[in-house]
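Written out below as structure tokens is the structure these notes cover.
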Amino acid sequence: MERFNALGRGAQLMLIGAVLLFIDLFLPWQDFDVGGLADELGVDATFSGWRGIGFVVGLLTIVVLAWLIVRIASVDIPLPVSTAMTGALLGTLILIFTVIKLLTILGDEATLWAWVGVALAVLIAVGAFMTVQEAGGVDTLRNEASSLGGSSGRTAAAPEAYGAPPAAPPPVDAPAPATAPEPPASAAADDVTGDTAGDETPPDRQA
């Protein structure tokens, strides 16, 4: 009982509504026995809430029950979203699909149990709304949704950044070979003059 009280009012309403809705889905939501003819023939002319799209309602109800039982058992299961976001999604989906279920059978002898199922779905949605309010309100969900959108965008951009190969650096031109500097013109002229003077021989002296 202490763990049940630790859930919070919103989660408690969701748990009670989900248990009752799960039971209600097994009851006849449609009754085609007009005038008691089916009873006389021994034929079951009723359909439970599991028929058709009610199967989706049943699966969502089981998910809500499992989620709340895990919280009561204090089992830590990491989820990508917060508790408020999870409760809001499940409560909204159950209400939507239960209303769709009622609309699909509204002209086919819908029974009182179908309306009870819708009322229980509303109770679950109200509990989900209270869970959101306990977590900080709708603004908290908006901030969480925006942060999830931003993180998914960064995650999608990361593979592109890491997957692209780095650009090759531009080729570097090899330096031209150094050429020996030409001697200045005056030094070259001196060398030529020196060579010419060395080649001349002095004339013979006359006796």
So CD of Gln12 and CD1 of Ile72: to nearest 0.5 Å the spacing works out to 9.0 Å
Tell me, please, which residues at least two apart from Ile69 pass side chain to side chain contact (heavy atoms under 4.5 Å, CB included).
none
Less than 3.5 Å apart, which donor and acceptor atoms pair up between the side chains of residues 116-127 and the rest of the protein, not counting sequence neighbours?
none

Once side chain to side chain contact (heavy atoms under 4.5 Å, CB included) is applied, do any residues pair with Ala135, and if so which ones, sequence neighbours excluded?
Ala84
Side-chain donor/acceptor pairs under 3.5 Å, residues 54-68, sequence neighbours excluded:
| unit_1 | atom_1 | unit_2 | atom_2 | d |
| --- | --- | --- | --- | --- |
| Thr61 | OG1 | Val57 | O | 2.7 |

Distance check, rounded to the nearest 0.5 Å: Met85 atom CE versus Leu79 atom CG?
12.0 Å
Please tell me if the side chains of Trp50 and Phe26 come closer than 4.5 Å, counting only heavy atoms from C-beta onward.
yes
Applying a strict under-4.5 Å side-chain criterion to I, L, V, M, F, W and Y, I'd like to know whether Ile53 and Leu90 cluster together.
yes
Can you give the donor-acceptor pairs under 3.5 Å from side chains of residues 93-107 to other protein atoms, not counting sequence neighbours?
| unit_1 | atom_1 | unit_2 | atom_2 | d |
| --- | --- | --- | --- | --- |
| Thr98 | OG1 | Ile94 | O | 2.6 |
| Lys101 | NZ | Arg51 | O | 2.5 |
| Thr104 | OG1 | Ile100 | O | 3.3 |
| Thr104 | OG1 | Lys101 | O | 2.6 |

Quick one: which residue pairs count as a side-chain hydrogen bond (donor to acceptor under 3.5 Å, both in side chains) with a foot in residues 111-139, not counting sequence neighbours?
none
